[in-house]
Amino acid sequence: MASPILVTGGAGYIGSHAVLALRDAGHDLVVLDNLSNGVLEAVPDGVPVVVADIADGETVSALLKKYAIRDILHFAGYVRVEESVADPLKYYGNNTAASRALLDTAIKAGIERFVFSSTAATYGVPDVMAVSEETPTQPINPYGWSKLMTEQMLRDAVAAYPGFKVAILRYFNVAGADPQARTGQRTKNATHLIKVASELATGKRSGMQVFGTDYDTPDGTCVRDYIHVSDLAQAHVDVLDWLARPENGPLGLFNCGYGRGYSVREVLAAMEKASGRRLQVDDAPRRPGDPPALISDARRLREQVGWAPKWDQLDTIISTAFQWEKTLEANQPD
Ligand SMILES: NC(=O)c1ccc[n+]([C@@H]2O[C@H](COP(=O)([O-])OP(=O)(O)OC[C@H]3O[C@@H](n4cnc5c(N)ncnc54)[C@H](O)[C@@H]3O)[C@@H](O)[C@H]2O)c1
Ligand SMILES: O=c1ccn([C@@H]2O[C@H](COP(=O)(O)OP(=O)(O)O[C@H]3O[C@H](CO)[C@@H](O)[C@H](O)[C@H]3O)[C@@H](O)[C@H]2O)c(=O)[nH]1
C-alpha cells in the first residue's frame, strides 16, 4: 500500500483519530471533508486536505487520480440519531445518496479497498445480550436505515465488481480522545453521554440528566459498550492490512466494541473520579428509542483481524475525554 489512503470525514471526530493512527503506522494519506461538521485544525500539519463534498464526482475523481488512491476509509456522514428522525431526508441524502455517489466515483477509478463506518444502530433494539454480526438488523431510526442501505450497496458492489474489496465496521459507543490530546471530540451541542459529562465536569454546562432509571438493568440505567476512539482508529489500520492480504475478503463485517457494558451511573461515577468534581445530575424520564442495553460480541475483529485494544478501561476512556475537554477550554478564544 504505497499510495496514499483517502480518508473522507478526516476533519471530524473519529476520522481525525484515524488520520493519527494511519500516520503513526507510517501510511501517507489525503483527507476529503466538506467541513460541514469538521474543522481544519483537527487535521495534523502536513496532511493534504481537499475541502469538497464526497458527492462532488468531478473533484473526487480528480483527487483519486492525482494521488493514485487505491484505498478509501469512508467516515464522512451525519451522526445524530434524533436529527435523523426530525429530518430523515437529510440523512438519506448524505449517508446514503452521497455515499452512493462516492462509491460510483470509487468504482470508476478502480479503487481496490473501501472501509465503511457503520453503526450498532443498524441492530435496533436487539433481543440478545451480546450482539454479534449475525444478529438480525432492524434499525429503529432513519440514521440506522441510512447506514444499512449503504451497507447493502457495498455488498452488491462487491458481488458485481471483481477486484473491489470492502470492510464494514459497525461501531458501538465511541468515546474518549487521543491519549496525547492531539485531537478529540469538538462536536457542538453534543448529546453523547461522555461528551456531555465532560462538558459538565469542566464547567461548560451547569447540569445534565440521566435518561431513564427504571430499566431492567443492574442499576436501572441504560448499559452501553463504550469503545475508545483511538482503539477504533487502530481497528481501521488493522482492517486495511487485513483486506490487503490476497486471502482475505472480498467482504468483511466487523462489530467494534469491547464486549463489556457500563451503565450511565457507572460512567458518571468514573467522570466524578477523573475530574475530582461532584456532578450536578438529575434523574429524568427515558429518552425515546433508547435500547436498555447494547453490548457487542466483537470477537471476530480480534480473532480474524488481530485487533488488540490498548485503551479498553472505562477510566481511560473517561479521563482522556475529560483531558481533551480541558484542552479545548484552554484553547477557547476569550
Ligand atoms: N460518533 C459515534 O458514536 C459513531 C457511532 C457509530 C458510527 N459513527 C459513524 O462514524 C463516522 C464519523 O463520525 P464522527 O462521530 O466522527 O462524526 P463527525 O461529524 O465528527 O465527522 C464527520 C465528518 O464528515 C464530514 N462530512 C459530512 N458529510 C460530508 C460530505 N457529504 N462530504 C464531505 N465531508 C462530509 C464532516 O464535516 C465531519 O468532519 C460517521 O459516518 C458516523 O455515522 C459514529
Ligand atoms: O445527557 C445524556 C446523554 C445520554 N444519556 C444516556 O446515555 C446512554 C448513551 O447515550 P449516547 O451517548 O447518546 O449514545 P447512544 O444513544 O447509545 O448512541 C450512540 O451509539 C450508537 C451505537 O451504539 C451509535 O449508533 C450512535 O450514533 C451514537 O449516538 C443512553 O442510555 C442515553 O439515554 C443520558 O442519560 N444523558
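Residue indices begin at 1 and follow the sequence shown.
Each of Asp312, Asp225, Asp231 was evaluated against Tyr258; a single residue qualifies, Asp231, per the side-chain hydrogen bond (donor to acceptor under 3.5 Å, both in side chains) test. The side-chain contact (heavy atoms from CB on, under 4.5 Å) test with Met153 singles out one residue from Asp104, Val158, Leu103, and that residue is Leu103.
A donor-acceptor pair is defined here as one N or O able to donate and one able to accept, closer than 3.5 Å; no such pair exists between the side chain of Ser16 and the backbone of Gly10. Between the side chain of Arg287 and the main chain of Val210, no donor-acceptor pair closer than 3.5 Å is present. In this structure, the side chain of Arg80 does not engage the main chain of Thr191 through any donor-acceptor pair within 3.5 Å. Although no hydrogens or angles enter the test, the distance criterion places a donor-acceptor pair under 3.5 Å between the side chain of Ser99 and the main chain of Asn95. Of the possible polar contacts, none joining the Arg70 side chain to the Ile111 backbone as a donor-acceptor pair under 3.5 Å is found.
Arg182 has a carboxylate O that lies under 4.0 Å from a charged side-chain N of Asp24, or vice versa, which qualifies the two as a salt bridge. Residues Lys165 and Glu112 are not paired through a salt bridge, judged by the lack of any N-O separation under 4.0 Å between the basic side chain and the carboxylate.
The shortest side-chain heavy-atom distance between Val131 and Ile295 does not fall under the 4.5 Å cut-off.
In summary, the side chains of Thr202 and Glu325 do not present any donor paired with an acceptor at a separation below 3.5 Å, with no hydrogens or angles considered. At a cut-off of 3.5 Å, with distance as the only test, a side-chain donor of Glu83 or Tyr91 sits close to an acceptor on the other residue.
The salt bridge (Lys or Arg N to Asp or Glu O under 4.0 Å) test applied to Arg186 returns no partner, not counting sequence neighbours.
The CD atom of Gln185 lies 9.0 Å from the NE2 atom of His17; values are rounded to the nearest 0.5 Å.
Between His236 and Phe75, the distance from one ring center to the other falls under 6.0 angstrom. Two rings, from Trp324 and Tyr13, have their centers 6.0 Å or more apart.
Residues Gly144 and Thr122 approach most closely at O-CG2, 3.8 Å, considering heavy atoms.
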